[in-house]
Amino acid sequence: MMRSYSLFDTVGPIMHGPSSNHTGGATRLGFYYREIMGGLPNKITFVFHPFLMRFYKGHRTHFALMAGCLGMREYDEDVNNSPQYMKEKNVQVKYEATDEENPDRNLMRIKAEYAGVCWNINGISIGAGNIVIDSVNGMKTEITGDTHLYFYLLKQKPNLNAVQDICQPKDINEKEIPEGHLLYLSTIWELTDEERGKIEDMLGEIILKRHVFPLHPFAEKITTAPKFKTFIEMERMCQSMDIAEAAIQYEMNRSKTTREQIMEEAYHIVDVEKGAIDRGLQGNVPLIGGFIGNSDAKLAAEWGKSGKSILGMDFSMALARALAVSEMSAGGGLIAAVPTCGSAGTLPGIIFSVGNRFNADKDKLAKAFLVAAAIGTIVGNKSTFSGSVGGCQVEVGVGAAMGAGAAVWLAGGSFAQVKHAFSLTLKNVLGLICDQPVSPVEIPCVKRNAMGVAVGLMGAELALAGIESAIPADQVIDALVDTVQRMPNELRCSCIGGLAATAIAKELQQKWTEKIERNNS
């Protein structure tokens with residue numbers, strides 16, 4: 001399934017942590033399940049890959065799916081209270097592992113009965129909050145959150161050719177199920193009242209119908225290639241315009257949104273990230289697992305202000321800002337996934353610190369995030385952002401490389417220097433594994449965000465000094481993809497290899513098991 005990435009797929013979504021894949025994507029899947037079914041069932045079973053059965057509580061996947069089924073979005077303030085609301089509504093929720101062969105590692109299927117229909121919807125979170133629903137009751141679908149969806153349950157089999165003649169859908173399918181004939185339409189633009197009327201007149205008796213809207217205004221609305229998908233193509237655009245302008249033009253073309261809408265969302269990201277930094281620097285952040293200190297960002301900031309820092313206050317504050325956002329994410333706080341929650345601190349740590357160095361105002365900071373986002377879309381066209389698929393190199397590693405490019409832009413560097421900063425950074429994190437000893441997104445994730453800041457600033461400084469990468473940026477991404485494909489499962493968010501194989505890991509896992517049993521959550 002091919003789709004282009006929005007700027008706000010790689011810098012975003014705005015959501016509650018700790019995982020854009022297993023929390024943000026899960027909330028979106030739960031929300032779509034509710035919209036397709038038409039409401040909240042009394043009994044729900046969620047089906048996971050066996051790997052996710054070990055992880056879902058530490059990533060609050062269950063909170064997220066329940067929140068979505070309650071009608072919440074990933075940014076709603078009550079997401080973390082969803083279990084309580086489910087109990088108040090007397091909804092029974094179960095979780096089980098699939099027994100099918102070779103399921104997707106991020107499978108989050110729902111089985112439930114609602115409105116007289118037994119629903120079996122197969123959803124997958126694919127990283128950075130992005131989702132795919134590839135079947136509904138055995139009917140093939142291509143649901144990514146980018147289109148308007150129309151579901152009809154009918155008494156008789158529909159004439160698909162006649163329906164296509166009326167609305168020319170992007171995707172269409174039908175399947176006979178025990179309750180009747182299920183028809184699915186996907187359209188880029190909302191059907192007019194006239195189109196819907198014509199379709200429904202020819203469908204015969206309609207048992208139920210659903211209209212599900214796109215997830216956000218930045219859904220893809222083009223059928224041709226986006227303005228750039230590689231650094232080479234972006235460089236051609238930047239011969240006549242600034243990188244930030246190229247990013248805005250990319251999104252205007254892709255989602256048919258206005259410049260004002262794009263900047264408004266970028267300003268919102270700046271506000272959310274600043275709020276997360278400010279709160280994180282206060283310390284005492286309530287972490288989900290509590291396996292690390294909850295005031296490390298505050299400690300780093302205080303060390304920077306002490307005058308004893310090896311590299312000075314600016315560097316210490318860059319680390320502190322990264323830790324602050326990462327701690328907020330690990331505690332389920334509101335942040336922007338950039339490109340994921342596990343890497344939520346690296347990019348803002350770089351942008352706000354370099355922005356402070358060059359006295360950047362809010363508009364400049366917002367555009368720096370857009371520059372980083374544009375770089376991220378190029379990575380997304382070839383690679384995954386899911387740590388469970390590609391390791392931490394596709395999370396903190398890519399976040400650091402995006403930040404390096406944005407830092408060069410903030411410093412007034414050229415497009416060539418942005419490219420080299422990206423390449424120099426990403427080359428030095430290839431092979432970075434995802435080796436959590438225990439499922440909460442804390443060890444080594446939070447400190448690794450600060451490491452990402454250091455590597456990203458290194459790449460930016462070298463590029464600004466005139467140092468070039470011997471490997472072109474697009475080919476560095478090819479190397480990333482190759483590394484992802486060669487990485488063993490034990491080093492991809494499995495709680496098996498790396499730090500997870502240390503002696504203390506078993507102690508941490510036992511403590512986590514005891515905490516879950518004690519809290520019954």
Side-chain angles (χ1 to χ4, degrees), residues 3-14 216-222 224-273 336 338-339 347-348 350-352 354-381 398-399 401-423 425 456 459-460 463-464 472-474 477:
R3 65 185 287 271
S4 63
Y5 273 82
S6 166
L7 297 180
F8 304 111
D9 287 330
T10 57
V11 175
I14 293 170
H216 50 70
F218 303 101
E220 186 177 51
K221 297 185 182 70
I222 59 172
T224 57
K227 284 188 173 291
F228 55 79
K229 295 184 75 172
T230 66
F231 275 97
I232 291 174
E233 292 171 349
M234 183 195 266
E235 187 164 25
R236 292 194 194 109
M237 277 191 73
C238 292
Q239 290 174 355
S240 60
M241 64 183 72
D242 181 70
I243 310 174
E245 179 60 26
I248 293 170
Q249 291 290 333
Y250 169 96
E251 190 60 49
M252 289 173 64
N253 176 68
R254 180 192 174 277
S255 59
K256 306 306 179 188
T257 45
T258 65
R259 179 184 301 275
E260 289 72 25
Q261 286 176 295
I262 294 165
M263 290 307 303
E264 182 180 357
E265 184 69 8
Y267 293 143
H268 188 196
I269 288 169
V270 172
D271 289 339
V272 167
E273 299 289 61
V338 286
L347 182 63
I350 292 173
I351 286 180
F352 277 92
V354 177
N356 184 68
R357 165 71 176 81
F358 292 103
N359 299 312
D361 59 13
K362 185 174 181 179
D363 187 74
K364 192 79 170 181
L365 292 173
K367 288 178 179 176
F369 275 106
L370 295 182
V371 169
I375 293 170
T377 66
I378 296 174
V379 179
N381 285 322
V398 171
M402 291 163 59
V408 168
W409 181 81
L410 280 166
S414 67
F415 183 86
Q417 290 173 321
V418 168
K419 265 195 323 184
H420 290 302
F422 169 88
S423 301
T425 300
L464 287 166
D474 289 315
I477 299 174

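- Asp474 places no side-chain N or O within donor-acceptor distance of the main-chain N or O of Thr230, the cut-off being under 3.5 Å.
- Between Val418 and Ile243 the shortest side-chain heavy-atom distance falls below 4.5 Å.
- When all heavy atoms of Val408 and Ala421 are compared, the pair lying nearest together is CG2-CB, 3.5 Å.
- Atom-to-atom distance recorded for Met237:CE and Lys227:NZ is 5.5 Å, nearest 0.5 angstrom.
- Panel note: side chain Glu235, backbone Ala416; no donor-acceptor pair is recorded below 3.5 Å.
- A pairwise comparison of heavy atoms in Gly355 and Leu365 identifies CA-CD2, 4.0 Å as the closest pair.
- No hydrogens or angles considered: a donor-acceptor pair under 3.5 Å links the side chains of Ser6 and Glu251.
- Nearest approach of Lys221 to Pro217, heavy atoms of both residues: NZ-O, 3.2 Å.
- You'll find the side chain of Met402 reaches within 4.5 Å of the side chain of Val11, heavy atoms only.
- Residues Met234 and Phe415 form a side-chain contact, since some pair of their non-hydrogen atoms from C-beta on lies under 4.5 Å apart.
- No side-chain heavy atom of Tyr5 sits under 4.5 Å from any side-chain heavy atom of Pro226.
- Within the 4.5 Å cutoff, side-chain heavy atoms of Asp9 are placed close to those of His216.
- Counting all heavy atoms, side chain and backbone alike, Thr425 lies closest to Ala404 at OG1-CB, 3.3 Å.
- With respect to Leu410, the side-chain contact (heavy atoms from CB on, under 4.5 Å) criterion is satisfied by exactly one of Asn356, Val354, Val371: Val354.
- The structure places CD1 of Ile248 at 6.5 Å from CD1 of Ile262, a figure rounded to the nearest 0.5 Å.
- Side-chain contact between Phe422 and Val379: present, with at least one pair of heavy atoms (C-beta onward) separated by less than 4.5 Å.
- Legend: residues meeting side-chain hydrogen bond (donor to acceptor under 3.5 Å, both in side chains) with Arg259, ordered by chain and number and at least two apart, are Glu245.
- The distance from the SG atom of Cys238 to the CD atom of Glu233 is 12.0 Å, given to the nearest 0.5 Å.
- Atom CD1 of Ile222 has more than 12 heavy atoms from other residues, nucleotides or ligands within 6.0 Å.
- In summary, Lys367 and Asp361 do not engage in a salt bridge, as defined by a charged side-chain N under 4.0 Å from a carboxylate O.
- Inter-residue side-chain proximity for Leu370 and Phe8 is flagged as met; some heavy-atom pair is nearer than 4.5 Å.
- To the nearest 0.5 Å, the span separating CG on Leu464 from CD on Gln417 amounts to 5.5 Å.
- By the 6.0 Å and 45° rule, Arg254 does not stack over the aromatic ring of Tyr250.
- To the nearest 0.5 Å, atoms OG1 (Thr10) and CZ (Phe369) are separated by 11.5 Å.
- Across Pro348 and Val338, no two heavy atoms sit closer than the pair CD-CG2, 3.6 Å.
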Taking only distance into account, with no hydrogens and no angle test, what donor-acceptor pairs under 3.5 Å do side-chain atoms of residues 263-270 form with protein atoms, sequence neighbours excluded?
unit_1 : atom_1 : unit_2 : atom_2 : d
Tyr267 : OH     : Asp363 : OD1    : 2.6

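- The CD1 atom of Ile375 sits 11.0 Å away from the CH2 atom of Trp409 when rounded to the nearest 0.5 Å.
- Taking each heavy atom of Ala406 and Ala372 in turn, the nearest pair found is CB-CB, 4.1 Å.
- Taking 4.5 Å as the limit, some side-chain heavy atom of Asn253 sits within range of a side-chain heavy atom of Lys256.
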